[in-house]
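What follows is a set of notes on a single structure, which appears directly below.
One-based numbering, in listed order, for ligands and for the atoms of each.
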Amino acid sequence: MIIEPVVKGVVARSAHPYGCQQAIRNQINYVSSAEPIVGGPKKVLVLGASSGFGLASRIALAFGGSNADTIGVSFERGPSEKGVGTAGWYNNIFFREEAEKQGLVGKNFVGDAFSTSMRQQVIDYIKVEFGGKLDLVVYSLATGVRPDPETGEMWRSSIKTIGESVTGPTINIETDTMEPMIIDTATEEEIEATKKVMGGEDWESWIDILSEAGVLADGCKTVAYSYIGPEATYPIYHKGTLGRAKTHLHATGDLLNDKLARIGGEAYVSVCKALVTKASVFIPAFSPYILALFKVMQDKGVHEGCIEQMQRLYSQRLYGPHQHVPVDEKRLIRIDDWELDDDVQRQVSQLMAQITPENFTTVGDYQRYKTDFMQLNGFWLDGVDYQERVNLEALKALTP
Ligand code: NAI
Ligand code: NA
């Protein structure tokens with residue numbers, strides 16, 4: 001079969017396996033020649049390893065100078081009668097293959113990271129086959145739902161404002177159009193549920209359980225990812241439901257840092273740059289900002305994707321030249337520093353004021369935005385022959 005891109009709204013309904021393989025190789029090539037991670041970890045668990053920041057973390061830690069063995073946990077779907085499967089499914093497979101070529105472990109667990117059974121499988125594997133200890137745990141899950149561990153009932157996150165509703169344009173990638181959208185205010189229940197899904201509770205639970213199992217090495221670090229952004233986007237993000245959840249995550253970082261002190265460990269939250277990922281395209285009214293940001297950062301030569309961000313995080317902040325991890329006054333790592341640079345933000349506000357549904361494809365960097373989205377799903381990559389027939393049976397034989 002020939003695999004065509006299928007996009008519904010902002011969701012990709014198909015993925016190209018060999019495009020995903022190419023994207024993995026491109027990221028490996030980038031970190032192989034970038035400033036290396038010195039003094040980095042050797043045994044790493046990545047929760048949310050199959051795409052976005054989690055995948056980029058895994059690639060940076062394995063191929064960017066640290067030569068880490070990694071365990072990746074993700075929720076993905078393989079090929080079936082319904083289709084070829086998700087991009088993350090193939091990212092897992094091709095990451096593992098590349099890692100093994102270098103003599104590194106790239107173990108994949110595919111299933112629900114929120115479940116007790118996943119925690120147990122990972123712990124058993126660490127004890128029996130992974131050398132017994134971890135020296136870094138990366139928490140990079142992004143999802144809309146989390147089951148209550150007590151009742152099994154689902155918490156669902158909402159992307160809403162708190163206080164006043166906001167109207168702002170949103171991009172439809174399927175139709176290449178920009179449509180006005182009203183973002184409603186959240187109820188108390190919605191705020192609470194979003195905090196349950198995207199806050200720090202599950203991160204804390206993972207670290208507690210790993211710690212009780214005795215699989216955290218002395219000096220073990222853990223990191224989770226956050227976003228803050230400029231004031232102009234506060235109503236839709238930082239001061240909305242997602243921001244509330246992130247504030248909870250930040251507090252969890254401090255809590256875990258205290259808990260890990262017992263073994264000489266540390267916990268951090270890294271505030272990252274706004275990027276196109278499977279998760280971020282859902283944030284309403286956010287796309288004009290990303291379009292303007294990409295354009296300005298591209299023009300200034302400071303644009304980064306997930307892989308550049310993660311290589312910089314691990315080589316310049318969490319490990320590397322500094323005696324102590326550099327943080328701001330709230331103890332957050334700021335790898336969003338180039339995004340929030342005064343001159344960048346001044347130019348971004350000017351550009352955002354000019355963006356309209358009629359001109360957004362040319363005034364902002366829509367080309368980059370859409371290309372990033374397509375490439376997340378293995379499309380639009382150089383060096384891939386999209387006319388070549390893909391053998392579904394051969395793909396079914398590949399295992400995570
Ligand atoms: P993503 O959608 O690319 O990756 C999410 C990962 O979580 C995938 O590996 C997915 O399989 C996994 N996952 C989701 N539900 C799961 C479950 N139940 N069990 C196991 N695995 C599951 O998301 P992205 O954007 O990389 O987000 C990661 C973190 O980075 C989030 O905390 C997000 O808020 C943060 N972040 C994202 C920014 C952006 O612009 N995309 C900016 C700053 C922070
Ligand atoms: Na991720």
Side-chain angles (χ1 to χ4, degrees), residues 10-12 15 20 23 45-59 71-78 85-92 95 108-119 121-122 138-147 149 154-155 157 159 194 197-200 202-203 206 223-229 233 237-238 240-250 252-253 269-283 286-287 289-290 293-294 304-307 309-310 313 332-336 339-340 369 372-373 375-377 400:
V10 295
V11 180
C20 292
L45 169 62
V46 182
L47 300 163
S50 60
S51 64
F53 282 113
L55 174 63
S57 304
R58 195 181 193 188
I59 293 173
I71 301 171
V73 179
S74 61
F75 196 84
E76 302 293 348
R77 200 177 55 247
T86 56
W89 176 266
Y90 295 101
N91 290 338
N92 285 335
F95 171 85
N108 294 313
F109 286 94
V110 180
D112 185 7
F114 295 120
S115 69
T116 311
S117 76
M118 181 59 80
R119 286 154 163 74
Q121 285 178 61
V122 169
V138 177
Y139 190 88
S140 187
L141 297 180
T143 173
V145 291
R146 174 184 163 214
M154 289 292 179
W155 287 304
S157 65
I159 308 180
T194 308
V197 179
M198 288 299 287
D202 182 65
W203 181 27
W206 264 99
V223 64
Y225 301 135
S226 182
Y227 185 71
I228 294 178
T233 65
Y237 196 101
H238 183 56
T241 49
L242 284 176
R244 232 10 123 70
K246 291 302 186 189
T247 303
H248 184 267
L249 186 81
H250 302 174
T252 305
V269 171
S270 172
V271 185
C272 302
K273 175 187 185 221
L275 282 169
V276 177
T277 66
K278 213 171 75 186
S280 71
V281 290
F282 273 100
I283 305 172
F286 201 62
S287 21
Y289 172 69
I290 297 197
L293 181 72
F294 279 22
E304 294 176 301
C306 283
I307 193 66
Q309 277 267 290
M310 292 301 105
L313 170 65
L332 299 167
I333 297 174
R334 303 306 297 259
I335 207 77
D336 61 345
E339 169 177 353
L340 293 186
Y369 184 95
D372 284 359
F373 181 82
Q375 292 189 347
L376 289 177
N377 302 294

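- Asn91 places a side-chain N or O within donor-acceptor distance of the main-chain N or O of Ser50, the cut-off being under 3.5 Å.
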Report task. Take Phe53 and Leu313 through the test side chain to side chain contact (heavy atoms under 4.5 Å, CB included) and record every step on the way to the result. Result -> CA-CA 11 Å; Phe53 282 113; Leu313 170 65; over 6 Å; no
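- A donor-acceptor distance shorter than 3.5 angstrom exists from the side chain of Asn108 to the backbone of Pro400, with no hydrogens or angles considered.
- With rounding to the nearest 0.5 angstrom, the OG atom of Ser226 is 8.5 Å from the NE2 atom of His238.
- Only the backbone of Ser226 comes within 4.0 Å of ligand 1, counting heavy atoms alone; no side-chain atom from C-beta on gets that close.
- Within the listing of ligand 1, atoms 31 (C), 32 (O), 33 (C), 34 (O) sit less than 4.0 angstrom from a heavy atom of Lys246.
- For ligand 1, the polar-atom distance check finds an N/O of Phe75 within less than 3.5 Å of one of the ligand's N/O atoms.
- A pairwise comparison of heavy atoms in Tyr369 and Val276 identifies CD1-CG2, 3.6 Å as the closest pair.
- Of all atoms in ligand 1, numbered sequentially from 1 with element shown, those under 4.0 Å from a heavy atom of Glu76 are 10 (C), 11 (O).
- Any N or O atom pair closer than 3.5 Å counts here, and Phe114 shares no such pair with ligand 1.
- The part of Ser280 lying near ligand 1 is the side chain, judged by heavy-atom distances below 4.0 Å.
- Residues Ala49 and Gly72 share a closest heavy-atom pair of CB-CA, 3.5 Å.
- At least one N or O atom of Ser50, backbone or side chain, sits closer than 3.5 Å to an N or O atom of ligand 1.
- Residue nearest to atom 37 (C) of ligand 1, selected from Trp89, Tyr225, Tyr227, Phe53: Phe53 (by heavy-atom distance).
- When each atom of ligand 1 is checked for a heavy atom of Leu275 under 4.0 Å away, the hits are 39 (C), 40 (O), 41 (N).
- The backbone of Lys273, and not its side chain, has at least one atom closer than 4.0 Å to an atom of ligand 1 (non-hydrogen atoms only; backbone = N, CA, C, O).
- Counting the atoms of ligand 1 from 1 in the order shown, those under 4.0 Å from a heavy atom of Ala49 are 9 (O).
- Under a 3.5 Å cut-off, the side chain of Trp89 and the backbone N or O of Val110 do not form any donor-acceptor pair.
- Listed for the Ser280 side chain is a donor-acceptor partner under 3.5 Å among the backbone atoms of Leu275.
- The shell of residues lying under 4.0 angstrom from ligand 1, judged by heavy atoms, includes Ser140.
- Here atom 14 (C) of ligand 1 lies nearest to Ala142 when heavy atoms of Ala142, Gly88, Gly48 are compared.
- Listed by atom number, the atoms of ligand 1 under 4.0 Å from Thr277 heavy atoms are 3 (O), 24 (P), 25 (O), 41 (N).
- Glu304 CD to Glu339 CD: the interatomic distance, rounded to the nearest 0.5 Å, is 10.0 Å.
- The ligand atoms of ligand 1 that sit less than 4.0 angstrom from a heavy atom of Ala274 are 40 (O).
- With rounding to the nearest 0.5 angstrom, the CG atom of Leu293 is 12.5 Å from the OG atom of Ser287.
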I would like to know whether Ile228 and Arg334 meet side chain to side chain contact (heavy atoms under 4.5 Å, CB included); could you show each step before the answer?
-> CA-CA 10 Å; Ile228 294 178; Arg334 303 306 297 259; 4.0 Å; yes
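- Ligand 1 is never approached by Cys306 to a heavy-atom distance shorter than 4.0 Å.
- The atoms of ligand 1 that sit less than 4.0 Å from any heavy atom of Lys278 are 2 (O).
- Those atoms of ligand 1 that come under 4.0 Å of a heavy atom in Gly52, given as number and element, are 3 (O), 26 (O).
- Distances between N or O atoms of Ser51 and those of ligand 1 include at least one value under 3.5 Å.
- Ring geometry, Phe286 versus Tyr227: the interplanar angle exceeds 60°, so the pair is classed perpendicular (tilted spans 30 to 60°).
- Side-chain contact check for Tyr225 and Gln309: no donor-acceptor pair (N or O, by modelled atom type) lies under 3.5 Å.
- Between Val73 and ligand 1, a contact under 3.5 Å exists for no N or O pair.
- You'll find the side chain of Phe373 reaches within 4.5 Å of the side chain of Val281, heavy atoms only.
- Contact annotation: for Met198 versus ligand 1, heavy atoms closer than 4.0 Å belong to the side chain alone.
- Here Leu141 has heavy atoms under 4.0 Å from ligand 1 in both its backbone and its side chain.
- Remark: ligand 1 and Gly111 share an N or O pair separated by less than 3.5 Å (distance only, no angle test).
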